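To start, the structure itself, in structure tokens.
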2 protein chains.
Amino acid sequence: MDRSNDVAEDRTITGASPGPSPGAQAGAQAQAEAAAEEARGADFLQLDPADAPPGGLSEWLAGRLRDAIGDGRLPVGGRLPASRVLAAELGVSRGVVTEAYQRLVDDGHVAGRGRGGTVVVAAPLAPRTAPPAAPVTGPGPETGPVERAGGASATAAGEEAVFLREPGPEVFDVLRAAPARIDLSPGVPDLAAFPRAAWLRAERSVLAELSAPALGYGDPRGTPALRAAVAAWLARNRGVRADPGDVVVTTGTAQGLALLARVLTAEGVAEVAVEDPGSLGTRQHLRHWGMRTPPVPVDAGGVRVDRLRASGAPAVLLTPAHQFPTGVVLDGARRRDLMRWVAAGGVVIEDDYDAEHRYDRPPVAALRSMLADRVFYAGSVSKLLAPALRIGWVLAPPGHRDALVEAKRFADLGGAALPQLVLARLMDSGEMERHLRLLRRRHRRRRDAMIAALREHLPGAVVHGAAAGLHLTVTFPGRSPGAARPGGAAPRTAGGTAGRTMSRAAPGRAVPDTALAAAALARGVKTHPLSWHGQRRHRPGLVLGYAAVAPSAIEEGVAAIAAALRDLT
Amino acid sequence: MDRSNDVAEDRTITGASPGPSPGAQAGAQAQAEAAAEEARGADFLQLDPADAPPGGLSEWLAGRLRDAIGDGRLPVGGRLPASRVLAAELGVSRGVVTEAYQRLVDDGHVAGRGRGGTVVVAAPLAPRTAPPAAPVTGPGPETGPVERAGGASATAAGEEAVFLREPGPEVFDVLRAAPARIDLSPGVPDLAAFPRAAWLRAERSVLAELSAPALGYGDPRGTPALRAAVAAWLARNRGVRADPGDVVVTTGTAQGLALLARVLTAEGVAEVAVEDPGSLGTRQHLRHWGMRTPPVPVDAGGVRVDRLRASGAPAVLLTPAHQFPTGVVLDGARRRDLMRWVAAGGVVIEDDYDAEHRYDRPPVAALRSMLADRVFYAGSVSKLLAPALRIGWVLAPPGHRDALVEAKRFADLGGAALPQLVLARLMDSGEMERHLRLLRRRHRRRRDAMIAALREHLPGAVVHGAAAGLHLTVTFPGRSPGAARPGGAAPRTAGGTAGRTMSRAAPGRAVPDTALAAAALARGVKTHPLSWHGQRRHRPGLVLGYAAVAPSAIEEGVAAIAAALRDLT
């Protein structure tokens with residue numbers, strides 16, 4: 001601990017650091033001979049002190065010398081110029097140079113050898129290799145400097161390939177990075193409506209009132225203000241009674257799933273049944289965290305609880321208020337049947353992802369409101385405000401609360417305080433409900449525009465889930481094209497057959513939805529093929545987000561999909 | 001999928017929902033008989049429509065009825081009042097009541113029985129149990145409603161118990177929640193200096209320029225703007241050359257460790273050696289993620305690389321620039337020895353937690369600058385701006401980059417965009433460097449105040465690590481009290497003895513530092529006992545943060561520690 005007097009210390013280069021160990025010395029010998037006498041002046045380094053930031057000459061010089069060691073211009077064994085010489089060449093004080101050399105000694109790059117001068121004793125272990133092509137190809141649009149990652153120069157044909165292989169963990173990143181005129185990917189609300197002014201106002205008042213200690217490490221469950229606001233929000237909007245102490249603020253439902261998977265894994269659960277069709281992203285997350293995800297069919301009443309029971313899975317992940325992607329609501333009979341399954345020991349994860357976006361009537365209450373002892377509940381503001389906020393919440397049954405808090409603590413010690421406090425203000429002030437009402441009006445118009453466009457351009461498609469949410473699912477009849485109609489007439493229900501929810505596409509007749517999605521992307525329109533979201537075979541279809549797209553672009557996008565379909569059939 | 005026409009649907013209660021299954025019906029029979037005829041009017045529910053929010057009568061009524069079902073006032077088997085009757089009693093339209101009943105049907109709580117009326121068929125599975133005492137006792141101070149969790153009413157003696165048992169995973173939460181006048185816990189910068197105005201200005205301009213799609217899901221590595229800003233920051237301040245594509249933005253170093261632990265676990269690494277003494281929090285994180293953490297001694301030159309080699313551990317976590325908690329800098333000879341260990345296959349995790357806070361000279365370059373191929377590098381703004389921002393970054397060696405991105409994706413899909421973009425502006429504009437210079441001046445004054453107070457009140461203590469950082473470590477001689485002096489005279493170095501870094505406290509002579517920390521807390525001063533941060537036995541000591549505390553409070557705090565020590569000896 002002899003560094004504790006560094007404050008007053010003024011070590012010289014030659015006295016402070018031991019030479020390299022004999023081993024390093026021997027290894028460097030050959031190089032040293034070749035490089036001997038090379039490093040006598042500064043000109044080969046092409047140094048210009050005018051490049052240095054004001055007041056940072058020593059740091060700048062040390063950095064340049066380090067670069068030169070790294071790229072071989074100052075090889076191991078080579079001698080640095082005498083500090084007096086270099087200082088004169090550069091027109092700087094000698095202290096600047098000795099300070100720079102001292103930094104390299106501290107780094108371990110060079111060592112003083114008394115009269116032998118200052119010698120390079122170690123270079124970066126290997127020349128820095130060029131980074132491989134970025135796994136995530138390119139950024140979405142946003143402010144600030146934009147980097148173009150490896151895949152960004154790929155041709156359109158390359159981008160479409162995302163649909164023509166089995167979707168891997170990077171699939172959503174690749175799709176997001178793909179250039180397209182119109183993005184009908186599901187899962188985002190109207191982002192142009194984000195209440196920027198209200199957010200900034202709330203942030204100003206939070207910053208004005210915040211105590212300094214609140215900027216330190218905090219409760220891993222989240223700020224008390226947001227936990228209280230979420231508890232009140234859930235009571236008002238989702239029929240859930242929760243104590244603020246029950247709420248664990250997450251960085252979104254994805255983190256919520258990660259935490260719940262860890263809590264359940266610790267209890268020996270290795271299998272979480274999922275709805276089928278059901279979210280690909282959710283399934284990827286559960287699998288990444290070690291869970292098997294057996295599929296349970298969904299029909300017009302919601303998940304088939306009888307099939308869940310028969311599967312033997314100890315847990316299930318459900319989207320009861322608005323099933324993804326079909327839009328079905330879990331009906332009362334199924335809810336009661338689910339309660340019996342739960343009473344027999346089952347565990348439910350309720351992903352309440354977009355329940356608030358109901359157009360015809362208030363949303364059904366969350367399952368959690370009836371089954372607080374056995375339901376893990378996950379929600380977020382991703383569909384209410386913006387996914388980029390990365391704020392969500394999880395409620396565990398009382399018996400799992402401590403384990404959930406521990407999982408959160410060791411995930412990240414808790415989320416960021418400022419955005420939580422801003423969100424709490426928006427929730428407490430009624431701004432969130434105002435925003436939600438605004439969104440509902442805007443989303444409804446966009447949904448209507450999409451239904452009208454589908455009726456016009458894709459009259460043979462069946463529309464699912466139009467009463468709520470941010471997306472529609474359309475299916476294309478396999479065996480009997482044109483059998484069902486979207487829009488005003490009751491769409492054909494494809495579920496209910498034992499063993500599958502939608503009828504199997506007739507081999508050789510139907511276009512694979514992945515090919516359709518690829519063709520649509522080639523025409524500049526992003527969608528999700530329904531098959532991404534199923535483990536069993538379903539009718540081909542597309543999942544089409546409308547909430548974040550202006551009505552005119554929706555019409556154009558659907559027309560492009562129809563044209564793509566014509567190309568393929 | 002017959003819900004897809006919900007838009008136009010207008011189902012009646014009696015027609016829409018099937019009755020309960022025979023099983024549920026039988027089970028409910030006894031209760032139903034007892035409850036028969038009870039639910040004929042609304043008065044027993046004590047409903048007052050004046051309580052309803054404007055425009056939300058049906059929702060309000062459904063919520064009240066659900067409460068009544070939940071708490072047994074409306075038992076299973078009981079009949080709801082006829083809608084006509086209830087509407088008249090409440091003075092609301094009948095549509096309000098039928099709409100509320102429909103919501104309960106959708107929930108699964110009630111079912112229509114035609115002429116038999118509307119019957120409660122399911123209640124929440126169990127009455128909601130009171131939550132157990134909060135595992136995290138109480139919030140830190142912050143704006144917004146403040147909740148008092150279970151432990152908050154505990155006596156001071158109860159709070160001190162945190163030091164008198166083996167520190168568990170909740171230890172920092174418990175300590176943070178403990179009331180105290182003066183918080184000398186290490187690990188936070190001067191939070192009162194947080195640049196609130198600059199932050200808000202930058203946020204305003206970010207919000208003004210942000211495109212709508214940037215509010216959607218983003219690159220799991222973080223926003224391109226912040227990755228570019230961090231790469232430039234690391235080049236300017238830490239000698240690290242990094243491509244923005246190498247940077248993965250995290251929600252702080254804690255998450256960084258979690259991600260790295262997962263990446264290494266996937267490669268079969270089950271052991272990460274740690275410095276001893278070394279951070280308890282870091283060790284807890286690694287262990288939570290399944291790693292063993294064999295201790296490697298630290299002496300005046302930094303970590304003992306020879307002992308690391310002898311340990312056989314495949315990986316090590318280091319704090320080379322300013323070892324926590326001793327403040328030692330890894331010297332040049334050790335750096336070279338570490339390179340040899342790395343060349344033989346070792347992996348380094350570099351926790352560069354507070355390198356920028358150097359008072360005597362610029363900080364040494366990061367290990368990563370020399371060993372990019374084998375060093376995982378983790379940094380954050382927790383010590384530069386505020387831990388509550390929860391923003392950090394991790395760099396992996398090129399061969400592990402994809403695995404790191406995947407770990408981040410499945411941790412949370414990536415961090416929040418807004419704070420990242422704000423931080424990028426502060427970094428790009430030079431505001432961060434200005435803030436860092438301000439912090440250094442303020443911190444140095446506080447450090448000097450702490451050293452002066454220690455000299456006055458605790459002249460027998462040895463001070464470690466005063467040249468840098470946000471904290472000091474003091475040790476108390478075990479065998480020979482008074483042998484060393486802090487301050488101007490060179491403090492005694494306790495390291496170097498084979499097998500331990502500090503000499504073993506003489507049994508029966510020295511006061512355990514946990515007892516001292518407990519006694520200090522009883523006097524209203526929070527500290528960390530040094531023994532928390534060691535796995536092997538060390539001299540008793542305290543780790544004392546000064547950066548976030550005003551000089552007068554530092555003096556008062558140290559005096560209180562001295563008084564506590566007198567109480568104990």
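To find a chain, count down the sequence lines: A is the first, B the second, and so on, and within it residues start at 1. No experiment lies behind these values; they were computed from the predicted model shown.
- Between R336(A) and V110(B), the closest heavy-atom pair is NH1-O, 3.9 Å.
- When the candidates E203(A), R334(A), R335(A), Q284(A) are compared by the number of heavy-atom contacts under 4.5 Å with chain B, R335(A) comes out ahead.
- In terms of heavy-atom pairs under 4.5 Å with chain B, the best-connected choice from D337(A), L338(A), L389(A), T250(A) is L389(A).
- In this structure a side-chain-to-backbone donor-acceptor pair under 3.5 Å is missing from R204(A) to L200(B).
- Only the side chain of E59(A) comes within contact range of chain B, judged by heavy atoms closer than 4.5 Å.
- With a 4.5 angstrom heavy-atom cutoff, P419(A) touches chain B only via side-chain atoms.
- Between chain A and the residues G415(B), G108(B), A258(B), the largest count of heavy-atom pairs under 4.5 Å involves G108(B).
- Checking side-chain atoms of R176(A) against main-chain N and O of G218(B) turns up a donor-acceptor pair under 3.5 Å.
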Derivation of the side chain to side chain contact (heavy atoms under 4.5 Å, CB included) call for V405(A) and E170(B)
CA-CA 9 Å; V405(A) 174; E170(B) 75 304 330; over 6 Å; no

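- Using a 4.5 Å cut-off between heavy atoms, R196(B) touches chain A through backbone and side chain atoms alike.
- Residues M370(B) and D107(A) share a closest heavy-atom pair of SD-O, 3.5 Å.
- For R236(A), the part lying near chain B is the backbone, with the side chain staying farther off; criterion is any non-hydrogen pair under 4.5 Å.
- Top candidate by heavy-atom pairs under 4.5 Å with chain A, chosen from F194(B), W289(B), Y359(B), is W289(B).
- Both the backbone and the side chain of V364(A) come within contact range of chain B, each with at least one heavy atom under 4.5 Å from a heavy atom of that chain.
- Note: F410(B) and H285(A) have perpendicular aromatic rings, judged against thresholds of 30 and 60 degrees for the angle between ring planes.
- The greatest number of non-hydrogen atom pairs below 4.5 Å with chain B, out of G239(A), S58(A), G252(A), G414(A), is found for G414(A).
- Annotation: maximal heavy-atom pairing with chain B below 4.5 Å, among A208(A), G56(A), A411(A), G63(A), occurs at A411(A).
- The heavy-atom pair separating L215(B) from A386(A) by the smallest distance is O-CB, 3.3 Å.
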Under the side chain to side chain contact (heavy atoms under 4.5 Å, CB included) rule, what do R241(A) and D67(B) come out as? Steps first, then yes or no, please.
CA-CA 9 Å; R241(A) 283 181 295 173; D67(B) 288 348; 3.9 Å; yes

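- Taking each heavy atom of P169(A) and E406(B) in turn, the nearest pair found is CG-OE1, 3.6 Å.
- Per-residue counts of heavy-atom pairs under 4.5 Å with chain B were compared for A365(A), A229(A), A192(A), A548(A); the largest is that of A365(A).
- In summary, D173(A) and R409(B) engage in a salt bridge, as defined by a charged side-chain N under 4.0 Å from a carboxylate O.
- Considering only heavy-atom pairs separated by less than 4.5 Å from chain B, the leading option among A416(A), A468(A), A388(A) is A388(A).
- You'll find the side chain of W199(A) reaches within 4.5 Å of the side chain of L418(B), heavy atoms only.
- Proximity of a side-chain donor or acceptor of R390(B) to a complementary backbone N or O of Y217(A) within less than 3.5 Å is not detected.
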